[in-house]
Trainee: 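After the structure tokens below, expect a handful of questions from me.
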Amino acid sequence: MSAASPDAPLQLRSVSPAEHFTSADVVGNGRLGAIVFGHTHRERLVLNEDSCWAGGAKDRLNPRRAGALEKVRALLFAGRHTEADALAHEGLLATPLTIDSYQPMGELSLRVGWRAAVTDYRRWLDLDGAVAGCEWREGDTHHRRTVFASAVDQVLVIQHEVLAGPPVPLSFSLDREGPREPARESDRDLLLTGHTHGRATRHHSDPPVDPPSGEGLPLAIRLRLLQGEG
């Protein structure tokens, strides 16, 4: 039985698409990840990548660090723990103390041509194979979609199959909340570029008086369409 099978034994199962991310399925390989909602004709995947953090490069070394460690040790050996703790906070911890917030990389939308009412819907997350999937019927057309994150190839893979019935039209789009350029299309590729926020003001990671750290980290999302045989 393949990992993509909707009948594998170790699964979370549902009979409806997720309406909120807390009930959606999550796939990832440690660097790339996606939240999969399992909608039929207007699917959305929220994309994540582990370097997508707000803010630019920062020097967070504490300017008081020179000699602070020896002084903290001396205070501890002398039993002056409260003073040692205060000095460690002043001289050893990073400045600023907190880092900026992690941000979603972007969102991929997949649209499927609609022909008839949806029946026999089911959605699953294969915990053994790390594959999220859903399938449904529209009259004589049988759809199955699976999503996984490859650790070997370092890509997210979406496979949409029409198991029975005629081919259906598919369209894709990329977007993100935050600074970005319009997505550019070439041949079978779709490329979205932009950068993270200069400061995560939404989560107040830095004091409000601090200026943004430039434009934030640059980012790029590339979508490639591969046509299967059959």
Trainee: Given the rule in the side chain to side chain contact (heavy atoms under 4.5 Å, CB included) test, do N29 and F148 qualify, once you have shown the distances and angles that lead to the verdict?
Mentor: CA-CA 9 Å; N29 64 8; F148 65 92; over 6 Å; no
Trainee: Does atom CZ of R64 have more than 12 heavy-atom neighbours, drawn from other residues, nucleotides or ligands, at distances under 6.0 Å?
Mentor: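 For R64, atom CZ is not crowded (no more than 12 foreign heavy atoms under 6.0 Å).
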Trainee: Would you say the side chains of E138 and H41 form a donor-acceptor pair under 3.5 Å?
Mentor: yes
Trainee: Sort out for me which residue in R42, R44, R180 forms a salt bridge (charged side-chain N to carboxylate O under 4.0 Å, His left out) with E107.
Mentor: R44
Trainee: Measure across W124 and D25 and return the closest heavy-atom pair with its distance rounded to 0.1 Å.
Mentor: O-OD2, 3.7 Å
Trainee: Which heavy-atom pair separates L61 from R65 by the least distance, and what is that distance?
Mentor: CB-NH1, 3.5 Å
Trainee: When you look at CD of Q154, are more than 12 heavy atoms from neighbouring residues, nucleotides or ligands closer to it than 6.0 Å?
Mentor: yes
Trainee: Could you give the distance from CG (L110) to CD (E43), rounded to the nearest 0.5 Å?
Mentor: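 Going from the CG atom of L110 to the CD atom of E43 covers 7.0 Å.
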Trainee: Please determine if E49 and R31 form a salt bridge, counting it only when a charged side-chain N lies under 4.0 Å from a carboxylate O.
Mentor: yes
Trainee: Measuring only between side-chain heavy atoms, which start at C-beta, is H160 closer than 4.5 Å to L170?
Mentor: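 When only atoms from C-beta onward are counted, L170 and H160 do touch, with a gap below 4.5 Å.
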Trainee: Going from CG on L32 to CD1 on I221, what distance comes out if it is rounded to the nearest 0.5 angstrom?
Mentor: 10.5 Å
Trainee: Within the side chain of N48, is there an N or O that forms a donor-acceptor pair under 3.5 Å with the backbone of A34?
Mentor: no
Trainee: Hey, could you give me the CG/CD distance between L217 and Q103, rounded to the nearest 0.5 Å?
Mentor: 9.0 Å
Trainee: Restricting to non-hydrogen atoms, name the atom on Y121 and the atom on C134 that form the minimum distance, rounded to 0.1 Å.
Mentor: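 Heavy atoms only, the tightest pair is OH-CB, 3.6 Å.
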Trainee: Take atom CD in E185; do more than 12 heavy atoms of anything else shown fall under 6.0 Å from it?
Mentor: no
Trainee: Side-chain contact, heavy-atom cut-off 4.5 Å: L12 with L127?
Mentor: yes
Trainee: Can you get from L108 to I35 by hopping between Ile, Leu, Val, Met, Phe, Trp and Tyr side chains that sit under 4.5 Å apart?
Mentor: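 Different clusters.
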Trainee: For R184, run the side chain to side chain contact (heavy atoms under 4.5 Å, CB included) check against L174, L191, L190, D189 and tell me which one passes.
Mentor: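 By the side chain to side chain contact (heavy atoms under 4.5 Å, CB included) criterion, R184 pairs with just one of L174, L191, L190, D189: L191.
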Trainee: Does H39 reach the main-chain N or O of E19 with its side chain, forming a donor-acceptor pair under 3.5 Å?
Mentor: no
Trainee: Does the side chain of Q159 come under 3.5 Å of the side chain of R145 through a donor N or O and an acceptor N or O?
Mentor: no
Trainee: Does the T196 side chain pair with the main chain of W53, one donor and one acceptor, at a distance under 3.5 Å?
Mentor: yes
Trainee: Does the plane of the ring in H143 sit parallel, tilted or perpendicular to the ring in W136? Use 30° and 60° as the thresholds.
Mentor: parallel
Trainee: Please check: side-chain N/O of R176 versus main-chain N/O of P104, any donor-acceptor pairing under 3.5 Å?
Mentor: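 It does hold such a pair.
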Trainee: Is there a side-chain contact between Q227 and R188 in this structure, where contact means two heavy atoms from C-beta onward sitting under 4.5 Å apart?
Mentor: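 They are in side-chain contact.
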